[in-house]
Amino acid sequence: MTVAFRPYDFPSLSDRLRNAQGMTGPLMREIMGKACRRIPSLRQSERTGRLTQLIDAEAWTDAALALMELELPLWHVRRIAYDEGEWHCALSRERELPDWLDAAVEGCHGDLAIALLSAFVEVQALAVETPRPSVPSVRPAPDALYEPVACENIG
């Protein structure tokens with residue numbers, strides 16, 4: 001049985017995270033059930049088993065990082081900073097780029113796991129909003145006045 005990803009109201013999930021006092025098992029399971037596309041298809045593997053163990057142990061930060069590793073393999077934690085009572089977490093696909101060139105997605109909260117998962121939910125919302133075609137796109141036809149010229153430098 002395959003589970004299809006149904007679009008979820010990501011703003012309401014973001015609000016739940018923002019208003020949460022701390023991470024709980026039911027909140028983590030809600031995030032996994034509503035915002036995860038890959039975990040249902042992974043079934044019970046070693047990687048999902050590790051995630052389950054972390055959740056059972058209430059190791060919320062490690063569970064959040066493991067969840068992001070499973071769901072967002074192309075995204076990486078770019079920055080984690082603590083400032084004036086809040087954790088600020090940035091996720092990026094190109095973390096080697098300078099900050100000003102990178103399109104990082106950020107989340108913040110007083111609880112580190114919730115800050116990480118806030119950024120995670122934002123990335124998942126972006127993925128739903130910007131669907132990618134399953135077939136590669138084709139470049140538009142060149143301008144009618146454009147004509148390629150072959151030049152050889154013999155000399």
Side-chain angles (χ1 to χ4, degrees), residues 1-140:
M1 176 180 148
T2 59
V3 178
F5 180 68
R6 285 176 258 124
Y8 183 70
D9 182 14
F10 286 104
S12 95
L13 187 55
S14 294
D15 288 342
R16 281 201 19 89
L17 285 167
R18 191 176 312 107
N19 296 324
Q21 295 297 315
M23 182 53 68
T24 63
L27 181 56
M28 178 64 93
R29 282 187 277 290
E30 180 180 357
I31 292 166
M32 290 172 59
K34 307 288 183 171
C36 295
R37 293 181 283 182
R38 297 178 60 147
I39 286 180
S41 66
L42 292 175
R43 309 221 188 245
Q44 275 303 95
S45 68
E46 182 180 321
R47 295 169 74 192
T48 57
R50 179 177 173 269
L51 177 60
T52 303
Q53 289 174 341
L54 291 169
I55 292 169
D56 291 344
E58 297 183 0
W60 303 124
T61 301
D62 290 335
L65 291 168
L67 179 66
M68 289 189 294
E69 183 181 337
L70 287 170
E71 281 291 316
L72 304 173
L74 299 177
W75 289 78
H76 307 282
V77 175
R78 179 179 179 90
R79 181 179 54 255
I80 297 177
Y82 186 76
D83 186 33
E84 296 183 15
E86 281 198 329
W87 289 99
H88 299 267
C89 303
L91 302 180
S92 171
R93 289 185 74 166
E94 302 290 337
R95 68 178 174 190
E96 302 303 321
L97 289 176
D99 277 346
W100 59 276
L101 282 176
D102 189 23
V105 176
E106 297 194 26
C108 64
H109 195 275
D111 182 273
L112 178 57
I114 294 176
L116 286 164
L117 290 170
S118 294
F120 167 78
V121 167
E122 292 300 316
V123 169
Q124 292 292 66
L126 285 173
V128 169
E129 290 172 9
T130 56
R132 292 183 197 100
S134 60
V135 178
S137 59
V138 178
R139 290 185 191 155

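Values reported hereafter were calculated over all heavy atoms of this structure, with side chains retained and with hydrogens, waters and symmetry mates removed.
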| Pairwise distance OG(Ser14) to CG(Asn19) - rounded to 0.5 angstrom | 10.5 Å

| request: State, to 0.1 Å, how close Ala115 and Trp87 come at their nearest heavy-atom pair, and which atoms those are. | output: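 Heavy-atom minimum between the residues: CB-O, 3.7 Å.
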
| If you round to the nearest 0.5 Å, how far is CD1 of Ile80 from CG of Leu65? | 6.0 Å

| query | Can you list every pair that meets salt bridge (charged side-chain N to carboxylate O under 4.0 Å, His left out) and has a residue in residues 80-90, with sequence neighbours left out? | reply |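 Found none.
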
| Quick one: are Arg93 and Leu72 in side-chain contact, heavy atoms under 4.5 Å? | no

| said: To check you understand the geometry: which heavy-atom pair defines the closest contact between Ala119 and Val105, and what is its length? | reply: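 Taking every non-hydrogen atom into account, O-CG1, 3.8 Å.
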
| task | Rounded to the nearest 0.5 Å, what's the gap from CG on Leu17 to CE on Met23? Could you check? | result |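 Rounded to the nearest 0.5 Å, the CG-CE separation comes out at 6.0 Å.
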
| request: Measure across Pro98 and Arg78 and return the closest heavy-atom pair with its distance rounded to 0.1 Å. | output: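 In terms of heavy atoms, the two residues are closest at C-NH2, 3.4 Å.
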
| field | Reported CZ-to-OG1 distance for the pair Arg50 and Thr52, which is rounded to 0.5 angstrom | value | 11.0 Å

| said: Checking the side chain of His109 only, and the main-chain atoms of Leu117 only, is there a donor and an acceptor separated by less than 3.5 Å? | reply: no

| query | Is there side-chain contact between Arg18 and Asp15, with at least one heavy-atom pair below 4.5 Å? | reply |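 The answer is yes, as the side chains (C-beta and beyond) meet within the 4.5 Å cut-off.
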
| query | What's the spacing between Lys34 NZ and Arg16 CZ if we round to 0.5 Å? | reply |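 If we round to the nearest 0.5 Å, Lys34:NZ and Arg16:CZ are 10.0 Å apart.
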
| Over all atoms of both residues, closest heavy-atom pair of Asp102 and Ser92 |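 The pair with the smallest heavy-atom distance is OD2-OG, 2.6 Å.
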
| request: Could you list all the salt bridge (charged side-chain N to carboxylate O under 4.0 Å, His left out) pairs where at least one residue sits in residues 104-125, not counting sequence neighbours? | output: Arg79-Glu106

| task | I would like to know whether Met68 and Val77 meet side chain to side chain contact (heavy atoms under 4.5 Å, CB included); could you show each step before the answer? | result | CA-CA 9 Å; Met68 289 189 294; Val77 175; 4.3 Å; yes

| note | Output for pair (Leu91 CG, Ser118 OG), nearest 0.5 Å, gives 10.0 Å

| query | Where is the tightest heavy-atom contact between Trp60 and Ile55, given as atom of each residue plus distance? | reply | CH2-O, 3.8 Å

| Where do Leu51 and Met32 land on the side chain to side chain contact (heavy atoms under 4.5 Å, CB included) test, with the steps shown first? | CA-CA 11 Å; Leu51 177 60; Met32 290 172 59; 3.8 Å; yes

| message | Please find the pair of heavy atoms, one from Ala64 and one from Met28, that lie closest to each other, and give the distance. | response |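 Closest pair (atom of Ala64, atom of Met28, distance): N-CE, 4.1 Å.
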
